[in-house]
Amino acid sequence: MDYEELAQLLSDASSLDASPQEPPPPPPPDSPLRLYDSSRGAIARERSQRPFSQQQRLLSTLDDDSLVGLVNTFDRPTQRARLRRPAAPADDAADAEDDPCIVTSSPEPPSSVVPSTPPASSRLSESDSSSDRSRSSSPTAARVGPLKFGDYAQYFSDKTAHQHSRDEYMRKLYQDALNGGREYPPIFKDCTIYINGRTFPDRLQLHQKIIIHGGSFKHFLSGKKSVTHIVASNLTAKKRIEFQNYKVVAPAWITESIAASKRLPWQDYALITGEYGQQKLQIARPPAAALPAPEQQPADGFDANSLDCKQPGFLQSFFAKSRLHQLSAWKADLRALFCEKYVEGAHLQPPPKGARLAIFHVDFDCFFATVSALSDARYDLSRDPLAVAHGNNSSEIASCNYVARSFGVKNGMWVRSARRLCPNLICLPYNFEQYEVNSKLLYQILAGSGFFQMILPISIDEAICVKYLDGLPDGDASAHQQCEAITRQIRRDVFDATNGCTVSIGCSNSLVLARLALKKAKPNGQCVMASLEQDSIDAFIEELPLRDLPGVGATIVDKVQQHILFEQTAEPTIGDLKRNSSLQLLASKLGTKTGHKLHLFLSGKDDEENSRVLRDPLDYFARKSISVDINYAIRFDTIHEIDEFIDRICEHLTTKLGELDMVTPQVTLKVTRRCEHAPIEPAKYLGSGECDTFSRSSRFGVPTCEAGLISTEVKSSFRMLGCPPKDLRGIAVQLNKLEKVSDRVCQLRLPFREQDASSAGSRFPALNVNAFNSLPGALKEDVRTELLKRKINLPPSPPSKRSASNSPVKDYWGRHGKRTETLKQEMPSTLDEDFMNHLPTQIQREIKWDHAIVKKASSSVRNRLSRKGTGVLNLSKNRPSKPEAVKFQSLERPLGISRLIKSWIDDTIDNGPHIDDLNLFDKYLTKLAAKGKTHHILKIARTMSSHLEYHSSFTKSNPQGRQEWEEYLLIRMIPTLTASAAKSDSGVQVTFDL
DNA sequence: GGTGTGTGGTAGC
DNA sequence: AATCGCTACCACACACC
């Protein structure tokens, strides 16, 4: 198809060329183009004479299937901690019978035993009745008889038994949630440990670590020798005497024993040494996880705490502390995990259309604030106003508890403003590790409960659980009761497992209503709205704020206020909008889709888009793009620093891309630039202040996962956007329209290969990139050659593994760091700003194009020319003589042509282009020149240059063929381009010095 | 009508 | 010292055919 289209295109060009035109100059007599046939012969000879190794011979005898199969046997299975997937429907019945945690309708509260022991700081609100609180705190807890008043001996005995079984239950839960169901090494087997006072890590974390590693935990000291070890960070004088006969150790004993996977001698961590009152000097070693990553070079003044975007470790240290990054990363992981599980459980079907569903929307209450607060025994969640934030002034509040909210404090507010509302606000640090642990516990409880047919991850602390009601005994009351019971059970289990984190749950039969019910339930409550008449639904949602609807944010509320409600109320409710709007009005003011969506939401109904997650969860959760956004701490001085930064971003992205086994056909750069009037340094330290954003996307002819290629494209886009380096405040790179590599192998077989491939029509298996990369070095190279020979799309090798190249261009581009040094001399890397700013936008744009192209062109051309000892391609200062005379049309879409050209190059990269094709192509270019479409030619030249560069750097193409292409670009295209530029008087001059 | 690009809104704490 | 303002995805407006 490529050839036909190309031929079509070219013939169009030649037919349009009927008007008298200067014929294109014939190639110089000594051009390699003249040698097309003979050179091809030479290549063929060279190939056939190359000696084959035994290995290569063997490989060449295999058919495609066997070859790919052979490679794939080298796959290394990726290991990954996984949550247990929800029990298969078939297993449900059995589970339900055995599992004591299934709550049937109308649950009878079990006879009360001792209260479960949440930390004193956490209290349940009255919605959790005291009978609720006092029931057995874990499903497997020993059930003991009612307690008689004053029977303390019995009380403590029960309590001990209870705690023991609770620890057992927790150990299992932790294993399932955090370790893929496998046991942890029983490091603390036979140890009974008591924790005294405040410690780091805190009591809850130590408790967890001890029980998962086989130890038992004492919540109180009773009787001598009932504990084997006491953990404490420091001891009062009195305690020192009291504990002097115990093995008192620092918390590091726990953490370091775990790190070492064996119980370390406690004496090394003893807090009390033989001599009375003398404390063994503990060099407080932070836990291993807190140590700075070893690759961060400690050299010249590098400070792990300071953020410097020019340092190589910046991305990593920034991401490590960015809550938003963590949230996004967690979400992506959860989605990936879901897909994995969903595919594994192939029997899992989305609910049949029209099935009766109960949707449970489960969400921790002010998640970060609660978890962080529970890690610090000084604070009481229900009394102290608490928030999680990094700093004290202009740092953002990630989460605040309900006490703080009662002062008007909100998430996202700066701490300084929050303190004005609530002077006693306490700021707690993040505890990302514990957030993750609690999240896993939540998901484990949801999955392990067996209640739900599907558990859809929304975020780290939030999930939507789906229960099919169809099989249930009928009667709405019963369904409602069941949902109530399930909800209660889940909330209690999560509270216990997390040592005091509360979840709220909203339950209804649509996603929207479940979400609204959740909002209503918060904090620490539940709201079940199953099987309702439309009237009661309307009554229910009437009073809820419009903001609570999914997809309705500040902007949409503003629009509604302005155009529909005319600012009648400060905080409009769903009822307000419902009474004052119609479908038509909504659609006209908010857009078609948004209007329709909102209209349905106002009646509590899901729309097509938001219910897609139920109909086709796999498609809904499948990854379609991948990106990095940095809009904090961006302060650069020169374009070179930005180039390096872009390199690192692309490196990061392609690493992820590789892990996902995907390639991208398109990259988008988004630049965030300081507003002209905004101060250089905004109020927030290293913040971005007020900014404008600009974006630009570009496509690759062949989807890629090469960092170098992507990076080059992004740098080029950056220059086009023309942001002065010092004004850059944020940068984002997105890889769009991702495709699985394994899906591409089959598609990519070139049509013309079908003719000579006798196996035409038979599918051959996808080549596994991991497997390919796992091949031993020599074999890998031979396989690569073999694959290339067969035109099987071969996976690119990761840059780190690339052997030393023999291509100067490749070396040149490989040396990211050094590159700027060499280029700086010959070509200004940024255009003079003042000069540029005074030009008309179109001209600016064109010059930037030109600039970028020449930069690229020179990179591939210079090495060959320098071998000849001649000059390099150079760019004059781009002084347009008559800028006002030129009106460039906005860029045409050379996209199709660009693709054609790339595939043309791909197919002829070894043997060189055919002279006839080139002649036709010349005519096409001449036509373009005649029409004054210089920019179009520029774009084509740029495409060719960059694609040749790609081959030069990343494929084992024959240098001779590539050289012919480069010659063509230099000797015929660039002069055409120059001529065209001169003729159209565009002011763009391209000089080419030899 | 379709397709592609750039911009903007929203979600999670 | 401060401070860690991410990221996936959809929808829209507009341009071009």
Side-chain angles (χ1 to χ4, degrees), chain A residues 305-307 309 314-315 317-332 334-335 363-372 387-400 410-412 414-415 430 432 435 457-462 515 547 549-559 590-597 609-610 612 620-634 666 668-670 672 682-689 691-699 721 729-730 732-738 889-893 895-896:
Chain A
N305 279 329
S306 83
L307 260 196
C309 61
F314 169 77
L315 270 188
S317 30
F318 174 69
F319 282 160
K321 295 192 173 180
S322 160
R323 74 187 197 281
L324 293 174
H325 170 81
Q326 301 289 347
L327 284 170
S328 290
W330 283 326
K331 182 172 182 164
L334 286 165
R335 286 169 160 233
D363 185 316
F364 277 108
D365 299 318
C366 43
F367 185 52
F368 283 14
T370 307
V371 174
S372 283
V388 174
H390 277 297
N392 274 316
N393 295 308
S394 56
S395 87
E396 281 183 4
I397 290 176
S399 172
C400 58
K410 297 224 166 58
N411 290 357
W414 283 6
V415 173
Y430 290 85
F432 290 121
Y435 303 150
I458 302 300
S459 82
I460 181 86
D461 79 317
E462 187 177 347
R515 185 188 155 102
R547 253 321 290 262
L549 286 175
V552 175
T555 309
I556 292 189
V557 170
D558 278 357
K559 281 185 192 164
L590 305 172
T592 331
K593 287 255 190 173
T594 316
H596 274 84
K597 180 180 73 176
E609 174 56 32
N610 85 330
R612 202 159 57 85
Y620 183 86
F621 287 126
R623 206 189 248 279
K624 291 149 203 100
S625 79
I626 173 174
S627 65
V628 162
D629 285 56
I630 314 283
N631 297 291
Y632 179 80
I634 297 296
Q666 184 180 45
T668 306
L669 169 74
K670 189 181 85 182
T672 302
K684 186 189 181 83
Y685 172 70
L686 288 183
S688 55
C691 286
D692 295 322
T693 64
F694 309 89
S695 72
R696 174 125 323 189
S697 58
S698 49
R699 282 171 172 272
L721 291 172
R729 289 292 176 271
V733 179
Q734 303 156 15
L735 308 182
N736 310 316
K737 302 174 165 60
L738 301 188
Q889 305 154 20
S890 64
L891 274 178
E892 277 195 34
R893 295 174 182 283
L895 203 65

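First the proteins, then the strands, lettered A, B, ... as listed; each starts at 1. Computed from a prediction, not measured in an experiment: that's the story for all the values here.
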How are the rings of A:Y435 and A:F368 set to each other: parallel, tilted or perpendicular (split at 30° and 60°)?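 The arrangement is parallel - the two ring planes meet at less than 30°.
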Under 4.0 Å, heavy atoms only, any strand: does [X] hit a base, just the sugar-phosphate, or nothing?
X      : value
A:S688 : base
A:N393 : sugar-phosphate
A:A622 : sugar-phosphate
A:K670 : nothing
A:G689 : base
A:V628 : sugar-phosphate

Separation of atom [atom1] in [X] from atom [atom2] in [N], rounded to whole Å:
X      : N     : atom1 : atom2 : value
A:K597 : C:dC9 : NZ    : P     : 16 Å
A:I630 : C:dT3 : CD1   : C1'   : 14 Å
A:F318 : C:dT3 : CZ    : C1'   : 10 Å
A:N631 : C:dG5 : CG    : P     : 10 Å
A:Q734 : C:dC6 : CD    : P     : 12 Å
A:W330 : C:dA8 : CH2   : P     : 16 Å
A:W414 : C:dA2 : CH2   : P     : 15 Å
A:F314 : C:dC4 : CZ    : C1'   : 8 Å

So, the side chain of [X] versus the backbone of [Y]: is there a donor-acceptor pair under 3.5 Å, distance only?
X      : Y      : value
A:H390 : A:K321 : yes
A:Q734 : A:L669 : no
A:K670 : A:A732 : no
A:R547 : A:V557 : no

The side chain of [X] is closest to which nucleotide in this list: [options]?
X      : options              : answer
A:Y685 : C:dT7, C:dA11, C:dT3 : C:dT3
A:E609 : C:dT7, C:dG5, C:dC10 : C:dC10
A:S627 : C:dT7, C:dA11, B:dT5 : C:dT7
A:S697 : B:dG6, C:dC4, C:dT7  : B:dG6
A:R612 : C:dC10, B:dG6, C:dC6 : C:dC10

With no hydrogens and no angle check, just 3.5 Å: does a side-chain donor-acceptor pair link A:N631 and A:T672?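 Yes, a side-chain donor-acceptor pair sits under 3.5 Å.
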Nearest atoms (heavy-atom pairs only) where A:K737 meets A:R699: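 The pair with the smallest heavy-atom distance is CE-NH2, 3.3 Å.
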What pair of heavy atoms forms the shortest contact from A:A389 to A:Y430, and how long is it?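 Looking at all heavy atoms of both residues, the closest pair is C-CE1, 3.8 Å.
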Is [X] close enough to [N] that one of its side-chain N or O atoms is under 4.0 Å from OP1 or OP2 there?
X      : N     : value
A:S306 : C:dT3 : no
A:H325 : C:dC4 : no
A:Q666 : B:dT5 : yes

Using the P atoms only, state how far C:dT3 lies from B:dG12, rounded to an integer number of Å.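 Rounded to whole Å, the distance is 26 Å.
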side-chain hydrogen bond (donor to acceptor under 3.5 Å, both in side chains) evaluation trace for A:N736 with A:T668: CA-CA 7 Å; A:N736 310 316; A:T668 306; 2.6 Å; yes
What pairs of residues pass the salt bridge (Lys or Arg N to Asp or Glu O under 4.0 Å) test when at least one of them lies in residues 550-559 of chain A, not counting sequence neighbours?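 Matches after skipping sequence neighbours: none remain.
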Tell me which of A:K624 and A:G391 sits closer to the 5' end of DNA chain C, going by the nucleotide each one is nearest to.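 Checking each residue's closest nucleotide, the 5'-ward one belongs to A:G391.
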If you find the nucleotide of DNA chain C closest to A:I626 and the one closest to A:S322, which residue's nucleotide is nearer the 5' end?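 Going by which nucleotide is closer to the 5' end, it is A:S322.
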Is the closest basic N to carboxylate O distance between A:E609 and A:K593 below 4.0 Å?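 No, no charged N to carboxylate O under 4.0 Å.
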Decide, applying a 5.5 Å centre-distance limit and a 30° plane-angle limit (both strict), whether A:Y632 stacks on C:dG5.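 Here A:Y632 fails the 5.5 Å or the 30° condition.
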Nucleotide-resolved protein contact map, nucleotides 7-13 of chain B, B/S/- at heavy-atom distance under 4.0 Å: BSSSSBB
Let's test your reading of the pairing rules: Watson-Crick or G-U wobble, both distances under 3.5 Å, then write DNA chain B as a dot-bracket string with ( ), [ ], | and dots. ||||||||||||.
